[in-house]
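Report on the following structure.
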Amino acid sequence: LVCMDQVVACGDEAREKPEDEAQARAFLASYCKGLGARCVNGMVVHNTRSGRRVRGTDVATVFYRPFPDSVVDHLIKKGEVMTSA
């Protein structure tokens, strides 16, 4: 059995999927201004036969170069930014 999850934080705020277009634009604007998105990843692997369990975490911070509003418009129109933090 393998379970994984990721939490994204920016500044002192934990971020979920954007609730609407305005929030998605605000998230993208913060990244464009140079705020890093800290991605905390966790994984647990459980052997259901032996009961052995192994777990691990990793943190990576993603920084973006400034990007124009046309990129934000494109990302919003494409829709994928609405399915992740």
Side-chain angles (χ1 to χ4, degrees):
L1 177 65
V2 178
C3 301
M4 296 175 276
D5 200 5
Q6 181 181 66
V7 175
V8 176
C10 187
D12 60 355
E13 173 184 69
R15 293 195 167 167
E16 299 289 338
K17 295 175 182 126
E19 294 179 9
D20 53 28
E21 182 180 323
Q23 190 174 49
R25 287 183 181 279
F27 286 178
L28 291 168
S30 69
Y31 303 143
C32 186
K33 291 177 184 172
L35 294 178
R38 286 186 325 280
C39 305
V40 182
N41 303 285
M43 174 189 259
V44 176
V45 178
H46 181 81
N47 185 318
T48 57
R49 288 188 181 166
S50 70
R52 182 169 183 234
R53 182 177 295 178
V54 180
R55 62 181 171 245
T57 57
D58 187 54
V59 179
T61 303
V62 180
F63 292 95
Y64 298 89
R65 292 181 180 169
F67 45 86
D69 289 339
S70 61
V71 170
V72 174
D73 294 339
H74 173 76
L75 292 170
I76 297 289
K77 183 178 179 181
K78 195 172 177 184
E80 292 177 12
V81 295
M82 303 304 289
T83 62
S84 61

Are side-chain heavy atoms of Cys10 and Phe27 found at a separation under 4.5 Å? no
Leu1 with Met43, same ILVMFWY side-chain cluster at under 4.5 Å: no
Heavy-atom nearest pair, Phe67 first then Val72, reads CE1-CG2, 3.6 Å
Shortest non-hydrogen contact from Val81 to Ile76? CG2-CD1, 4.0 Å
Mind listing the closest non-hydrogen atom pair of Arg15 and Ser30 along with its distance? NH1-OG, 3.0 Å
Are Val62 and Val7 linked, directly or through other ILVMFWY residues, by side chains that come within less than 4.5 angstrom of each other? no
Can you tell me how far the CZ atom of Arg53 sits from the NE2 atom of His46, to the nearest 0.5 Å? 5.0 Å
Measuring from atom CE of Met82 to atom CD of Gln23, what distance do you get when rounded to the nearest 0.5 angstrom? 8.0 Å
Would you list the pairs meeting salt bridge (charged side-chain N to carboxylate O under 4.0 Å, His left out) in which at least one residue belongs to residues 20-36, sequence neighbours left out? Glu21-Arg25, Arg25-Asp73
Find the distance between CD (Gln6) and CG (Asn41) and round it off to the nearest 0.5 Å. 4.5 Å
Counting only heavy atoms not in Glu19, do more than 12 fall under 6.0 Å of its CD? no
Of the non-hydrogen atoms in Tyr31 and Ala37, which two are nearest, and what is the gap between them? CE2-CB, 3.7 Å
Val59-Tyr64 co-clustered via ILVMFWY side chain contacts under 4.5 Å: no
Side-chain heavy atoms nearer than 4.5 Å, only ILVMFWY residues, links allowed to pass through others: does that put Leu75 and Leu35 together? no
For the student: nearest non-hydrogen atoms of Thr83 and Glu80, plus distance: OG1-O, 2.8 Å
